[in-house]
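Read through the structure below, which is laid out as structure tokens, and then see the notes.
Residue numbering restarts at 1 for every chain, and letters A, B, ... go by the order of the sequence lines. Because the structure is a prediction, the values reported are computed rather than measured.
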Amino acid sequence: MPELPEVETIVRDLRPHLVGRAIAKADLIRPSVLRFGQPDSFPFRLAGQQIRAVTRRGKFIHLRLSEGDDLVVHLGMTGSLTMASASTPRALHTHLVIDLDDRSQLRYRDPRRFGRVLLGTPAQLSRLGALPRLGPEPLARGFTESGVAESLRATSRQIKAALLDQAVVAGCGNIYADEACFLARIRPIRRGSSLTRAETTRLLLALPLVMREALRLRGSSFSDFRDGFGAKGEAHEALFVYGRGGLPCVRCGATLRQTRVGGRTTVYCQRCQR
DNA sequence: CCCCTATCCTGAGGGC
DNA sequence: TGCCCTCAGGATAGGG
């Protein structure tokens, strides 16, 4: 599941191939993936526009286009956005293909279809609430002082459920929520209101740490994640707890406990994490 | 307002 | 081998 480090890996991969390129043609193979914008006019609106910038906000990828549009992509659970040559056969579940003026292609694929594509000017997208409100960026300067600590300590929800809320922290998903809780030695099932200031501080230091390390390793590829060229990352081999329920804790050797928080599989060490 | 659960969807993996 | 069942989860609608 692409979270912040995976999405950032893709953005950095794609940026040098996309910026400055013009869109020659767009093929919206499965119109239902377009959640904002008109499917019928979509190809005409994109054709001829130049890609000016490729950026990320939370788990959203933004292609800023020359006529003022943003083409926005969210990868959901199983989405991928990759460069390909026009001669490569398209994989099953490819929903959008964009031909560029250098005869390369940008392909959007998403078997499970939890992802989405949006097209509009930033004003249109924000005016009609097409994009959700997003909290601070964990990798931005000032993250630990951004007010996240206060919102975590103010909620009665389980701390991991709050971390997964994109309005609280942008870009955090199931993997790195578990990893950050482990590194901070905090039980993910604790209520936010039960955390001390010292504990929220540890958590807000741990989250960027685990994300930077995952970014260095080009993301976690459990089943579906692929970078901008279709290759796997290596961060999943370095994870402390995610996917390791029932296995020994890397720190103390105790058996890692697996439960559910907010409908998500959650793994933690009963001895290390209080 | 706040919190929680069900829902969308396909493919992988287990059991028999 | 093949069939059926369960499970994985990001975002969000709707209920309590």
Side-chain angles (χ1 to χ4, degrees), chain A residues 1-10 29-36 56-62 72-81 90-96 108-118 125-126 128-135 137-138 148 150-181 188-195 207 211 214 219-226 232 235-236 239 241-247 256 258-268:
Chain A
M1 54 261 27
E3 304 180 26
L4 190 154
E6 288 75 28
V7 177
E8 182 66 22
T9 297
I10 290 172
I29 299 158
R30 184 184 287 273
S32 63
V33 301
L34 187 70
R35 303 298 176 78
F36 184 91
R56 178 192 61 75
R57 176 76 174 102
K59 301 176 194 170
F60 289 88
I61 298 169
H62 291 248
V72 181
V73 176
H74 192 292
L75 298 172
M77 271 278 299
T78 56
S80 63
L81 198 59
R90 351 178 128 143
L92 191 65
H93 306 302
T94 299
H95 305 311
L96 170 63
Y108 169 68
R109 175 177 184 263
D110 183 14
R112 223 163 288 184
R113 276 185 266 150
F114 283 12
R116 64 208 44 220
V117 175
L118 307 92
L125 292 166
S126 71
L128 294 163
L131 296 172
R133 200 165 57 83
L134 295 175
E137 287 283 336
V148 179
E150 288 68 28
S151 43
L152 290 179
R153 275 162 45 78
T155 185
S156 64
R157 303 151 90 182
Q158 292 176 306
I159 193 69
K160 184 183 164 184
L163 288 174
L164 293 175
D165 184 343
Q166 301 300 295
V168 174
V169 185
C172 185
N174 203 30
I175 297 175
Y176 302 109
D178 271 10
E179 294 298 304
C181 286
I189 58 173
R190 292 261 304 276
R191 301 281 158 180
S193 51
S194 80
L195 295 187
L207 186 63
M211 286 187 166
S220 301
S221 296
F222 266 90
S223 52
D224 301 280
F225 169 68
R226 296 296 183 271
K232 295 188 180 192
H236 53 288
L239 299 178
V241 284
Y242 181 86
R244 300 194 63 245
L247 295 173
L256 295 175
Q258 180 161 320
T259 179
R260 285 184 93 74
V261 171
R264 300 289 168 263
T265 301
T266 298
V267 182
Y268 66 93

Round to the nearest Å and state the distance from [X] atom [atom1] to [N] atom [atom2].
X: R157(A); N: dC4(B); atom1: CZ; atom2: P; value: 7 Å
X: L75(A); N: dG10(C); atom1: CG; atom2: P; value: 12 Å
X: L163(A); N: dC3(B); atom1: CG; atom2: P; value: 14 Å
X: E3(A); N: dG9(C); atom1: CD; atom2: P; value: 10 Å
X: L92(A); N: dT10(B); atom1: CG; atom2: P; value: 10 Å
X: R133(A); N: dC1(B); atom1: CZ; atom2: C1'; value: 12 Å
X: N174(A); N: dC7(C); atom1: CG; atom2: P; value: 16 Å
X: Y176(A); N: dG9(C); atom1: OH; atom2: P; value: 14 Å

Sugar-phosphate, base or nothing in reach of R191(A), heavy atoms under 4.0 Å: sugar-phosphate
Check: N174(A) side chain, T265(A) main-chain N or O, donor-acceptor pair, under 3.5 Å: yes
Under 4.0 Å protein heavy-atom contacts per nucleotide of nucleotides 11-16 of chain C, with B for base, S for backbone only and - for none: BS----
Just to verify, what does [X] make a salt bridge (Lys or Arg N to Asp or Glu O under 4.0 Å) with, not counting sequence neighbours?
X: K59(A); answer: none
X: R57(A); answer: E137(A)
X: R35(A); answer: none

4.5 Å side-chain heavy-atom contact, L4(A) and Y176(A): no
Side chain proximity check, V261(A) to L164(A), heavy atoms < 4.5 angstrom: no
Selection residues 165-177 of chain A - residue pairs positive for salt bridge (charged side-chain N to carboxylate O under 4.0 Å, His left out), sequence neighbours left out: R157(A)-D165(A)
Check the phosphate of [N] against [X], side-chain N and O only, distance under 4.0 Å to OP1 or OP2. Yes or no?
X: T265(A); N: dG9(C); value: yes
X: R109(A); N: dT10(B); value: no
X: T78(A); N: dG9(C); value: no

Stepwise side-chain contact (heavy atoms from CB on, under 4.5 Å) check, R30(A) with Y108(A): CA-CA 11 Å; R30(A) 184 184 287 273; Y108(A) 169 68; over 6 Å; no
Among dC3(B), dG11(B), dA8(C), the nucleotide that comes nearest once only the side chain of H93(A) is considered: dG11(B)
End-to-end axis angle, where each axis spans five pairs of the helix from dC2(B)-dG16(C) to dC16(B)-dG2(C), to 10°: 50°
Option passing side chain to side chain contact (heavy atoms under 4.5 Å, CB included) with V168(A) (candidates L152(A), T155(A), L163(A)): L152(A)
